[in-house]
Participant: 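Could you have a look at this structure, given as structure tokens, before my questions?
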Amino acid sequence: MDVESVADELYGLPPAEFTAARERHVAQARAAGDRELADRIRALRRPTLAAWASNLLVRTRPDEVRSLVTLGDGLRRARRDPDGARLRELDRRRHALVAALVREARRLTAEAGKEIGDAAREQVEATLRAALADPEAAAEWRAGRLSRALSVPAGSRAAGTAGAGRLPAALAQVAPGTGEARDPRTGPSPAGRRSGGRAQGDGSGGPVLPAAPTATRAPRGRQEAQRRRAEEEAVAARREAAAREDEVRHALDALEGAEQRAHEMDLLAEELVVRLKEAQARREAAHGAARQARARAREAEGAARRAALHAREAAERLERGR
């Protein structure tokens, strides 16, 4: 027995059966004198319903799992070298495959005796999207030993970030009198920065050109201020979205935990109902046996009274005969 084989077994079980099975393996490892193995087995965490459903997919649908991982590789390549038509086709396949696998996860868990709720379904979908977005998440999912649902890594869903450090073409300006491109973030090109604020000629004796009026720089300054404000607002919006996503994940975790506890209580209630019925049956049997015993006791009492009466009558006859 080793921790790998134990983990393979445990993460294929429904969450309600996980802890008892894990503790049996811990006891076996301790009985064999391997405390380190026992500690490693005990460190295995019980899976949530969503993690269990995701593990079931890996274990029972290997072809679909390979298809999803291959699709994720294709999506990442397509985003690095954008091809609009190709990316749209891959996105369409992604939506279809994720939806089909989520439906299959619900069917598999129902067959295993536990239907997952909406919160767990959403976390299964998040796990599949994480596997599509990140190769490390895909490898973790494909191992089939998740204890928690996966989430899409931060930044992996952002589109168009590859050119974030480059100046957009629409903001590129031409420095007056030079024909050179100029970046409004850094000011005029060196050719335009001369003493007295004037651009000099090419040294051929031509006339000195006047510097651009201050009024022409004002719109560019406003553009720069607007761009900075837009960037700050975008950063704030991303932070706010990340915070909201964290809140949603926490809420879904809490909901799934509540659903898991409710499921365990359902199982306990069903077991108690069975035990109650068995106890009621035993009680009825005991009452029946008591009724039969009372009837036999009454019969025995009647027989004893009749025997005593016969004995007295016999004694009286004997006495009269003397």
Side-chain angles (χ1 to χ4, degrees), residues 6-19 21-22 43-62 64-73 75-76 94-158 241-267:
V6 171
D8 280 338
E9 174 192 338
L10 293 179
Y11 285 107
L13 298 174
E17 300 176 17
F18 181 92
T19 302
R22 182 191 63 191
L44 298 173
R45 298 296 90 193
R46 187 180 74 173
T48 62
L49 287 174
W52 169 57
S54 301
N55 293 336
L56 276 182
L57 279 175
V58 171
R59 292 162 182 263
T60 59
R61 295 294 180 269
E64 288 83 348
V65 169
R66 280 192 294 271
S67 295
L68 185 130
V69 173
T70 301
L71 179 59
D73 293 339
L75 279 165
R76 287 189 295 276
R94 173 175 62 90
H95 286 299
L97 184 55
V98 167
L101 285 174
V102 170
R103 287 193 299 270
E104 183 64 8
R106 299 191 77 165
R107 190 187 68 79
L108 289 171
T109 54
E111 284 184 355
K114 173 59 182 175
E115 293 188 7
I116 59 175
D118 289 341
R121 180 193 60 75
E122 290 175 5
Q123 291 194 345
V124 170
E125 182 174 343
T127 296
L128 298 176
R129 295 188 182 280
L132 282 165
D134 179 48
E136 291 183 4
E140 187 177 357
W141 173 55
R142 291 186 75 177
R145 300 177 189 171
L146 294 179
S147 61
R148 308 287 292 177
L150 300 177
S151 58
V152 178
S156 65
R157 289 173 293 182
R244 298 291 80 79
E245 287 181 358
D246 285 341
E247 290 178 1
V248 169
R249 280 196 295 271
H250 291 323
L252 290 175
D253 284 345
L255 176 56
E256 184 171 357
E259 287 182 341
Q260 176 66 29
R261 289 190 294 273
H263 175 58
E264 292 173 355
M265 292 303 101
D266 287 342
L267 293 177

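Keep in mind it's a predicted model, so treat the numbers as computed, not measured.
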Participant: As an exercise, state the distance from CG of Asp118 to CD of Gln123, rounded to the nearest 0.5 Å.
Facilitator: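 That separation rounds to 12.0 Å.
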Participant: To the nearest 0.5 Å, how far apart are CZ in Arg59 and CZ in Arg145?
Facilitator: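 One finds 8.0 Å between CZ of Arg59 and CZ of Arg145.
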Participant: With a cut-off of 6.0 Å (strictly less than), are more than 12 heavy atoms of other residues, nucleotides or ligands near CD of Glu9?
Facilitator: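 It does: Glu9 CD has more than 12 such atoms within range.
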Participant: Say whether, by atom type as modelled, one donor and one acceptor occur between the side chain of Asn55 and the main chain of Ala51 under 3.5 angstrom.
Facilitator: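 Flag set: sc Asn55 to bb Ala51 pair under 3.5 Å.
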Participant: If you compare all heavy atoms of Leu10 against all heavy atoms of Arg22, which two are closest, and at what distance to 0.1 Å?
Facilitator: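 Closest approach of Leu10 to Arg22, heavy atoms only: CD2-N, 3.6 Å.
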Participant: Name all residues meeting the side chain to side chain donor-acceptor pair (under 3.5 Å) criterion together with Arg94; count only those two or more places apart in sequence or in a different chain, and write none if there are none.
Facilitator: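 Expected list: Asp91.
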Participant: Indicate the atoms forming the closest heavy-atom contact of Pro15 with Thr48, along with that distance.
Facilitator: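 Scanning both residues, the minimum pair turns out to be CG-O, 4.1 Å.
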Participant: Search all heavy atoms of Ser147 against all heavy atoms of Arg45 and return the closest pair with its distance.
Facilitator: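 Closest approach of Ser147 to Arg45, heavy atoms only: CB-O, 3.7 Å.
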Participant: Can you list the steps and then say if Trp52 with Leu13 is a side-chain contact (heavy atoms from CB on, under 4.5 Å)?
Facilitator: CA-CA 8 Å; Trp52 169 57; Leu13 298 174; 6.0 Å; no
Participant: What heavy-atom pair brings Leu57 and Val65 nearest, and what distance separates the two atoms?
Facilitator: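 The pair with the smallest heavy-atom distance is O-CG2, 3.8 Å.
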Participant: Could you measure the distance from the CG atom of Asp73 to the CG atom of Leu68? Nearest 0.5 Å is fine.
Facilitator: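 Here the rounded value is 10.0 Å.
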Participant: State the CH2-CG distance between Trp141 and Leu132, to the nearest 0.5 angstrom.
Facilitator: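 The CG atom of Leu132 is 8.0 Å from CH2 of Trp141, to the nearest 0.5 Å.
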Participant: State, to 0.1 Å, how close Pro47 and Leu146 come at their nearest heavy-atom pair, and which atoms those are.
Facilitator: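 Answer, listing the atom of Pro47 first, then Leu146: CB-O, 3.6 Å.
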Participant: So, for Arg106 and Thr109, which heavy atoms are closest and what is the spacing to 0.1 Å?
Facilitator: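 Taking every non-hydrogen atom into account, O-OG1, 3.0 Å.
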Participant: Just jot down the side chain to side chain donor-acceptor pair (under 3.5 Å) partners of Glu64, sequence neighbours excluded, or say none.
Facilitator: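 For Glu64, no residue satisfies side chain to side chain donor-acceptor pair (under 3.5 Å) once neighbours in sequence are set aside.
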Participant: Rounded to the nearest 0.5 Å, what separation is found between the CG atom of Leu56 and the CG atom of Leu108?
Facilitator: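 One finds 6.0 Å between CG of Leu56 and CG of Leu108.
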Participant: Glu111: which residues meet the salt bridge (Lys or Arg N to Asp or Glu O under 4.0 Å) condition with it, sequence neighbours left out?
Facilitator: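 Partners of Glu111 by the salt bridge (Lys or Arg N to Asp or Glu O under 4.0 Å) criterion, ordered by chain and then number, come out as Arg107.
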Participant: Looking at side-chain heavy atoms only, is the closest gap between Arg66 and Arg142 below 4.5 Å?
Facilitator: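 Yes, their side chains come closer than 4.5 Å.
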Participant: Below 4.0 angstrom, N of the basic side chain to O of the carboxylate: do Arg61 and Glu104 qualify?
Facilitator: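 Answer for the salt bridge query: yes.
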Participant: Looking at Ser54 and Val124, would you say the former's side chain and the latter's main chain have a donor-acceptor pair under 3.5 Å?
Facilitator: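 Such a contact is absent between Ser54 side chain and Val124 backbone.
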